[in-house]
Amino acid sequence: MQTFDETVWYTIAAKVGGKVIEVENASTENGAAVCLADATGTDQQLWSIVHIDGKYYKIINKNSGKALDIISMGVVNGANLHQWEFVSGDSQMWFFEEKADGAVSIKSAMSAKCVDVVGMNAETEGARLQIWIDVDGENQCWMIQAQEAPKAEEPKEEALAEEAKAEEPKEEAPAEEAKAEAAEEKKPAAKTTRKRTAAKKTAAEDGEDKPKKTTRKRTTAKKTAAADGEDKPKKTTRKRTTAKKTAAADGEEKPKKRTRRTKAQIEADKAAKAAEAAEETK
């Protein structure tokens, strides 16, 4: 039984001419044809060979992720190959037989027929593949090689470039940290100001700092005292005047009228007495 590294991508090249098996036009669609082309190391020419069971393997294209398959699950000579999503069908199962020169034949699990080049045109670009009964022909011989394709190396170089870019922010990290620290230092001051403002608002709400309200209270107190008769000079004067008027009406205080009458009476009395005295003298 052949052994293959499932983590490695392989090229499958025709012994005659050295052209490799690829998916035509780098298609990723089910049913895309499989043919021969000059080796370029592109993903549509790379395959993984994964053990399934016993001596059988599936052959998966790197570009599309689809399996090497026989059209309509064919078993007859001339049935063409294409790619199809892997469904564990027998037409997608293959086994390998070694040749004396290191080449292998690739045979279908369904019919034991070999992967073959249509028209024996292995040196022709774009030649299609089919299955055919084993005739030990060179157009049925394949060289399988682990491939370190240029595209397989490029991601490594890109990965290094990405790592270098990832390291750049680390150099700037101290500056960013300093900015973050400065921002953190500013935040407590802002919070303290807000707390003090909130404290002032709370104190104002609790009556600790309400000068205007205190003035209003004092004004209200004065109004209350005035309403209670504590400070009503004008009203008191009016009451006293009213009291005098009341007393005069009652005849309790009429000094001016009494004084005028008393003098007249005195004079009258004097005159009367003088007349009486004169009469008495006569």
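Only this structure's heavy atoms are used, side chains among them; waters, hydrogens and symmetry mates stay out. Numbering starts at 1 and runs along the sequence shown.
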(message) Can you give me the closest heavy-atom contact between Gln45 and Ala37, atom names plus distance?
(response) NE2-CB, 4.0 Å
(request) Tell me, yes or no, whether the heavy-atom count around Met120 atom CE, taken from other residues, nucleotides or ligands under 6.0 Å, exceeds 12. (result) no
(request) Using the test side chain to side chain contact (heavy atoms under 4.5 Å, CB included), find all partners of Ala14 that sit at least two apart in sequence or belong to another chain. (result) Leu36, Ala122, Trp142
(message) Within this structure, what is the CG-CH2 distance for the pair Asp43 and Trp9, rounded to the nearest 0.5 Å?
(response) 8.0 Å
(request) Measure the spacing between OG of Ser27 and CD of Glu22 and express it to the nearest 0.5 Å. (result) 11.0 Å
(message) Assess the residue pair Thr11 and Ile144 against the criterion (side-chain contact (heavy atoms from CB on, under 4.5 Å)); give the C-alpha distance rounded to whole Å, side-chain angles, the decisive distance to 0.1 Å, and a yes or no.
(response) CA-CA 6 Å; Thr11 56; Ile144 300 177; over 6 Å; no
(request) Tell me who clusters with Met143, hydrophobic residues only, linked when side chains sit under 4.5 Å apart either directly or through other members. (result) none
(request) Supply the atom-to-atom distance Leu68 CG to Ile21 CD1, rounded to the nearest 0.5 angstrom. (result) 6.5 Å
(request) Would you please name every residue forming a side chain to side chain donor-acceptor pair (under 3.5 Å) with Asn121, sequence neighbours left out? (result) none
(request) Please answer: with hydrophobic residues joined when any side-chain heavy atoms are less than 4.5 Å apart, are Ile59 and Trp132 in the same cluster? (result) no
(message) When you group the ILVMFWY residues by side-chain heavy-atom contacts below 4.5 Å and let the links chain together, are Ile131 and Val104 in the same group?
(response) yes
(message) Could you work out, with ring pair (Phe, Tyr, Trp, His ring centres under 6.0 Å) as the rule, every residue matching Trp84, not counting sequence neighbours?
(response) His82
(message) Just to verify, what does Glu123 make a salt bridge (Lys or Arg N to Asp or Glu O under 4.0 Å) with, not counting sequence neighbours?
(response) none
(message) With rounding to the nearest 0.5 angstrom, report the OG to CD1 distance, Ser48 to Ile60.
(response) 5.5 Å
(request) Output all residues satisfying salt bridge (Lys or Arg N to Asp or Glu O under 4.0 Å) with Lys19, sequence neighbours left out; order by chain, then residue number. (result) Asp38, Glu125
(request) Could you check if a side-chain atom of Met93 sits within less than 4.5 angstrom of a side-chain atom of Ser108, using non-hydrogen atoms only? (result) no
(message) Show me the pairs that pass salt bridge (charged side-chain N to carboxylate O under 4.0 Å, His left out) and involve residues 65-81, at least two apart or across chains.
(response) none
(request) State, to 0.1 Å, how close Cys114 and Lys107 come at their nearest heavy-atom pair, and which atoms those are. (result) SG-CE, 3.5 Å
(message) Within the supplied structure, the quantity of interest is the number of heavy atoms (other residues, nucleotides, ligands) at a distance under 6.0 Å from Glu24 CD; does it exceed 12?
(response) yes
(message) When you compare the side chain of Ile52 with that of Phe95, does any pair of heavy atoms fall below 4.5 Å?
(response) no
(message) Can you give me the closest heavy-atom contact between Val117 and Gln130, atom names plus distance?
(response) O-NE2, 4.0 Å
(message) Holding to salt bridge (Lys or Arg N to Asp or Glu O under 4.0 Å), I want the full list of residues that pass it with Asp53, two or more places apart in sequence or in another chain.
(response) none
(request) Report the residues that fulfil ring pair (Phe, Tyr, Trp, His ring centres under 6.0 Å) with Tyr10, sequence neighbours left out, ordered by chain and then residue number. (result) Phe4
(message) Please tell me whether Val8 and Ile106 are part of a single hydrophobic cluster in this structure, the criterion being side-chain heavy atoms less than 4.5 Å apart.
(response) yes
(request) For Phe96 and Ser105, run side-chain contact (heavy atoms from CB on, under 4.5 Å): C-alpha distance rounded to whole Å, both residues' side-chain angles, the deciding distance at 0.1 Å, then the answer. (result) CA-CA 6 Å; Phe96 303 87; Ser105 61; over 6 Å; no
(message) Would you say that Gln92 contacts Lys58 through its side chain, given a criterion of any heavy-atom pair below 4.5 Å between the two side chains?
(response) no
(request) Kindly compute the distance separating CG (Asp134) from CD (Gln140), expressed to the nearest 0.5 Å. (result) 5.5 Å
(message) Counting C-beta onward and ignoring hydrogens, is there a side-chain heavy-atom pair between Thr28 and Asn63 closer than 4.5 Å?
(response) yes
(request) Could you tell me which residues satisfy salt bridge (Lys or Arg N to Asp or Glu O under 4.0 Å) with Asp136, sequence neighbours excluded, listed by chain and number? (result) Lys99
(message) Return the CZ to CD distance between Phe86 and Gln83, rounded to the nearest 0.5 Å.
(response) 14.0 Å
Only pairs under 3.5 Å count here: list side-chain donor-acceptor contacts from residues 70-81, not counting sequence neighbours, and write none if there are none.
from, atom 1, to, atom 2, distance (Å)
Asn77, OD1, Lys113, NZ, 3.4
Asn77, OD1, Ile133, N, 2.9
Asn80, ND2, Leu129, O, 3.3

(message) For Lys15, give me all partners under side chain to side chain donor-acceptor pair (under 3.5 Å), at least two apart in sequence or on another chain.
(response) Asp101
